[in-house]
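All values derive from a computational prediction rather than experimental measurement.
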Amino acid sequence: MSSEITLISAVDLELGFDRQVLLNRASLAVMDGDRIGLVGRNGSGKSSFLRILAGLQAPDAGRVNARRDLILSYLPQEFQLDPTLNVRDNVRAGARQILDLIHQFETLPAHSPRHAELESRIQALDGWGLDHRIETAMDHLHCPDGDRAIGKLSGGELRRVALCRAIIPQPDLLILDEPTNHLDTESVDWLGEMLEHYPGAFVLVTHDRHFLDRCVNRIVELADGTFWSHAGSYTDYLEAKAVRQSTAELVEHKRQVSLKKELEWYRTGPRAQRTKSKIRMAAVEAAVEVRAPDWERDVDLVIPPPPPLGNRVVELAGVGMELGGRRLFSGLSLTFAAGQRMGITGRNGIGKTTLLQVILGRLTPTEGEVRVGQLTRFNYVDQGRLQLNPERTLLEEVGDGTEFVFFGEARLSLRAYLKRFLFSDDRIVTKVKHLSGGERSRLLLARILKNGGNFLILDEPTNDLDLPTLRVLEEALMNYPGVVVVVSHDRTFLNRVCTDILAFEGDGRVVQSAGNYDYYLEKRQRERDAASSVGAAARRRLPGSDSPPATAVPKRRKLSFKEQQELAGIEGRIQVAEAEVTRLEAQVSDPEFHRRHGPRVPETLAELEAARKSAVTLFERWEELERIRTEAEGRVA
């Protein structure tokens with residue numbers, strides 16, 4: 001919960017960019033303990049506002065008031081690291097204020113009266129634990145080795161170093177712009193846990209909805225130059241926004257009805273007007289001047305209909321890959337079919353992108369074979385995306401000398417195509433260098449997706465997309481009749497889009513699981529729990545593994561007659577439920593399933609999810625009854 005102490009406040013900010021109004025007398029206060037998720041469409045001004053808040057950009061008008069001793073740390077989307085320092089020293093540079101205090105403390109004479117003051121300040125900032133904090137953060141964020149030179153790192157490695165540098169000072173206010181980009185699932189989970197227990201306040205921009213729901217206690221939306229604040233999680237915000245928009249629509253409808261009636265009266269003629277109230281006439285004229293709400297438009301994301309696939313799409317038979325003397329995976333066999341949407345997940349640098357290159361035929365596997373059908377046409381969106389020419393207009397970048405986008409036998413003009421990606425007429429002729437980061441992502445999607453294909457491969461497609469565009473991309477992929485393979489660490493995206501998960505679990509282990517990402521995690525946890533239970537039971541049977549002496553034995557109840565009957569029959573019910581899960585999983589995993597049963601795919605997946613839940617519920621009930629029986633028998637004995 002936030003306190004009444006204001007850390008920083010923005011008052012009546014105004015900002016315009018390239019004929020766009022980003023901030024229109026916008027005001028926002030950040031209180032101590034606030035955990036704010038800043039949301040809004042790409043190009044709405046979120047990153048610009050964060051730069052203003054961090055003191056790195058001046059608004060056109062308005063002011064920012066910060067607490068006098070405020071310690072602030074900022075991770076921008078476009079950051080800079082010191083090329084003369086190695087990884088560890090760049091991270092340590094983020095805690096410059098703490099390091100300066102420690103240096104002052106260590107160089108003061110022993111009898112200096114400032115010793116106690118400095119020591120208190122260092123302890124308050126956890127300065128003595130700084131080195132441990134650095135090593136922990138670098139380890140969990142999978143930063144490169146601390147001695148490596150900055151100039152030899154990839155873009156993703158540089159971003160992890162910059163994120164580590166931003167969080168290790170534990171400032172009063174932490175500002176993070178898309179912190180989860182280029183992080184794997186484990187790193188995102190660690191960052192989320194860290195922010196859940198963060199001692200200060202933070203403001204962050206992220207497209208990761210699961211991350212927002214987990215970390216924030218307040219959502220602030222930037223729309224039409226104004227801030228709209230909603231207490232609670234991202235889910236709470238969506239509910240509140242729906243109510244807000246519904247109310248606005250109702251008010252606008254009533255205004256339009258009233259205006260229509262007044263205009264009818266207004267048109268009754270000059271004679272009537274002379275006898276009517278001038279006040280009423282003034283009210284009509286004022287109503288005409290009222291600006292109607294600007295309803296948000298979603299991207300009408302267009303994926304050209306794919307050409308038909310053959311009986312064979314793509315098959316991997318015992319495929320393995322070794323790079324630089326390290327085996328990434330081996331014995332991997334996969335068969336893809338129309339309508340299948342496979343999500344690939346796992347830590348960075350573990351082989352996911354390499355597998356995509358093997359499927360595309362750009363890398364030859366160390367072992368096994370990749371068979372591609374004659375009618376299969378790939379369309380690949382890589383992590384680096386395409387390079388855009390900053391001096392060209394959007395029309396020139398997407399058109400490449402043509403004026404139309406072809407959809408099978410039909411065609412669509414480039415202007416109409418770009419408008420479906422929410423580019424207005426004036427933005428279509430704007431140079432790329434004037435676009436925001438999110439607008440560039442939309443432009444890249446427009447440029448790539450127009451190429452068609454029937455086998456889409458998307459490597460981290462969610463990076464830099466705003467949340468409304470992300471939802472539309474999900475819907476488009478869910479309705480895509482071809483094959484989709486997507487590498488992503490966005491848990492919500494994987495849950496909504498995928499029919500299968502291919503998980504790189506480390507040490508060359510790759511697991512395929514039918515269903516979405518949550519089910520994969522649930523199944524993996526059950527396997528771990530089962531292995532742990534078997535291990536514990538084995539340890540109890542070892543000689544000399546006596547249990548510690550019990551002190552007081554609490555009273556335990558026995559199973560009722562009805563519960564005894566339930567326990568006697570529950571194992572059979574579990575077997576039936578697990579058999580049904582196995583049957584449905586086999587059906588869904590069948591390469592021909594998506595082709596033969598396309599219309600029934602959602603229904604079958606729902607049946608599979610219900611069967612899984614039923615099996616889990618029965619197993620949990622069996623554990624509960626078995627525990628009561630075992631404890632009762634132990635007490636009797």
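- Nearest heavy-atom pair across Arg447 and Glu397 is NH1-OE1, 3.0 Å.
- For Tyr517, the ring pair (Phe, Tyr, Trp, His ring centres under 6.0 Å) partners at least two apart in sequence or on another chain are Tyr520.
- With sequence neighbours excluded, the residues forming a salt bridge (charged side-chain N to carboxylate O under 4.0 Å, His left out) with Glu505 are Arg509, listed by chain and number.
- For Glu196, the side chain to side chain donor-acceptor pair (under 3.5 Å) partners are Arg214, not counting sequence neighbours.
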Does the pair Asn379 and Ile457 meet the rule for a side-chain contact (heavy atoms from CB on, under 4.5 Å), with working shown? CA-CA 6 Å; Asn379 192 349; Ile457 299 181; over 6 Å; no

Can I get a per-line list of side-chain donor-acceptor pairs under 3.5 Å for residues 160-176, giving both atom names and the distance, sequence neighbours left out?
residue	atom	partner	partner atom	Å
Arg160	NE	Leu141	O	3.3
Arg160	NE	His142	O	3.1
Arg160	NH1	His182	O	3.3
Arg165	NH1	Gln80	O	3.2
Arg165	NH2	Gln80	O	3.1
Asp172	OD2	Arg67	NH2	3.2
Asp172	OD2	Ile71	N	2.9

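- Using modelled atom types, one finds a donor on one side chain and an acceptor on the other under 3.5 Å when comparing Asp184 with Ser187.
- For the residue pair Met342 and Leu502, the shortest heavy atom distance occurs at SD-CB, 3.9 Å.
- Between Arg92 and Leu99 there is a side-chain heavy-atom pair separated by less than 4.5 Å.
- Here the side chain of Ser488 pairs a donor or acceptor atom with the backbone of Asp490 at under 3.5 angstrom.
- His197 places a side-chain N or O within 3.5 Å of a backbone atom of Glu193 that can act as its donor or acceptor partner.
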Might you work through the side-chain contact (heavy atoms from CB on, under 4.5 Å) test for Tyr519 and Ile501, ending with a clear yes or no? CA-CA 9 Å; Tyr519 178 66; Ile501 296 294; over 6 Å; no

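- Annotation: side chain of Leu204 is in contact with side chain of Leu212 (closest heavy-atom distance under 4.5 Å).
- Here the side chain of Lys46 pairs a donor or acceptor atom with the backbone of Gly40 at under 3.5 angstrom.
- Other residues, nucleotides and ligands contribute at most 12 non-hydrogen atoms within 6.0 Å of the CG atom of Asp507.
- With no hydrogens or angles considered, a side-chain donor-acceptor pair links Arg218 and Ser229 at under 3.5 Å.
- In this model, no donor atom of one side chain and acceptor atom of the other lie less than 3.5 Å apart for Thr136 and Asp139.
- The two residues Val487 and Pro461 have their closest heavy-atom pair at O-CD, 3.5 Å.
- Note: Phe79 CZ to Asp177 CG = 11.5 Å, rounded to the nearest 0.5 Å.
- Using modelled atom types, one finds a donor on one side chain and an acceptor on the other under 3.5 Å when comparing Asn495 with Asp518.
- Within the 3.5 Å criterion, the main-chain N or O of Leu108 finds no donor-acceptor partner in the side chain of Ser112.
- With 3.5 Å as the limit, one finds no donor-acceptor pair spanning the side chains of Asp208 and Thr180.
- The closest side-chain donor-acceptor pair between His230 and Glu221, if any, does not fall under 3.5 angstrom.
- One finds the NZ atom of Lys352 at 10.5 Å from the CG atom of Leu328 (value rounded to the nearest 0.5 Å).
- The CG atom of Leu356 sits 10.5 Å away from the CG atom of Leu363 when rounded to the nearest 0.5 Å.
- We find that Glu522 and Arg526 are joined by a salt bridge, their nearest charged nitrogen and carboxylate oxygen being less than 4.0 Å apart.
- Looking at heavy atoms from C-beta onward, Val21 lies out of side-chain contact with Glu14 at the 4.5 angstrom threshold.
- With hydrogens and angles left out, the side-chain atoms of Thr84 and Asp82 include a donor and acceptor closer than 3.5 Å.
- Using a 4.5 Å heavy-atom threshold, the side chains of Phe202 and Cys215 count as touching.
- When the side chain to side chain donor-acceptor pair (under 3.5 Å) test is applied to Asn516, no partner is found at least two apart in sequence or on another chain.
- Side-chain atoms of Ile150 and Asn86, non-hydrogen and from C-beta on, never get closer than 4.5 Å to each other.
- The aromatic rings of Phe504 and Phe329 sit perpendicular to each other, their planes meeting at more than 60°, with 30° as the lower class boundary.
- Between Arg496 and Arg471 the shortest side-chain heavy-atom distance falls below 4.5 Å.
- Here Asn24 contributes atom CG and Leu13 contributes atom CG; the two are 11.0 Å apart, rounded to the nearest 0.5 Å.
- When atom types are taken as modelled, the side chain of Thr345 and the backbone of His489 share no donor-acceptor pair closer than 3.5 angstrom.
- Inter-residue side-chain proximity for Arg114 and Gln104 is flagged as met; some heavy-atom pair is nearer than 4.5 Å.
- Not one N or O on the side chain of Asp34 forms a donor-acceptor pair closer than 3.5 Å with the backbone of Ala201.
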Working note: Glu157 + Arg148, criterion salt bridge (charged side-chain N to carboxylate O under 4.0 Å, His left out); need CA distance, chi angles, decisive distance, verdict. CA-CA 11 Å; Glu157 289 173 326; Arg148 286 185 63 185; 3.4 Å; yes

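- The backbone N or O of Asp12 lies less than 3.5 Å from a partner atom in the side chain of Ser27, making a donor-acceptor pair.
- Annotation: the span from Glu117 atom CD to Arg121 atom CZ amounts to 9.5 Å, rounded to 0.5 Å.
- Between Pro179 and Thr206, the shortest heavy-atom distance links the atoms CD-CB, 4.4 Å.
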List the steps, then state whether side-chain contact (heavy atoms from CB on, under 4.5 Å) holds for Val220 with Val39. CA-CA 6 Å; Val220 174; Val39 301; over 6 Å; no

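- By the 4.5 Å heavy-atom criterion applied to side chains, Val87 and Met138 are counted as neighbours.
- The existence of a salt bridge linking Arg88 and Asp147 is confirmed by a sub-4.0 Å separation between a basic side-chain nitrogen and an acidic carboxylate oxygen.
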Let's go through Val486 and Leu477 carefully: what are the C-alpha distance in whole Å and the side-chain angles of both, what is the deciding distance for side-chain contact (heavy atoms from CB on, under 4.5 Å) to 0.1 Å, and is it a yes or a no? CA-CA 10 Å; Val486 55; Leu477 293 177; 5.7 Å; no

Full working for salt bridge (charged side-chain N to carboxylate O under 4.0 Å, His left out) between Arg209 and Glu474: CA-CA 13 Å; Arg209 290 149 291 181; Glu474 290 168 350; 2.4 Å; yes

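- Applying the side chain to side chain donor-acceptor pair (under 3.5 Å) test to Thr226 and every residue at least two apart in sequence or in another chain returns nothing.
- The two residues Leu38 and Val203 come nearest to each other via the heavy atoms CB-CG1, 4.4 Å.
- The OG atom of Ser233 lies 14.0 Å from the CZ atom of Arg35; values are rounded to the nearest 0.5 Å.
- Within a 6.0 Å sphere centred on CD of Glu78, heavy atoms belonging to other residues, nucleotides or ligands number 12 at most.
- Residues Arg133 and Leu125 approach most closely at NH2-O, 3.7 Å, considering heavy atoms.
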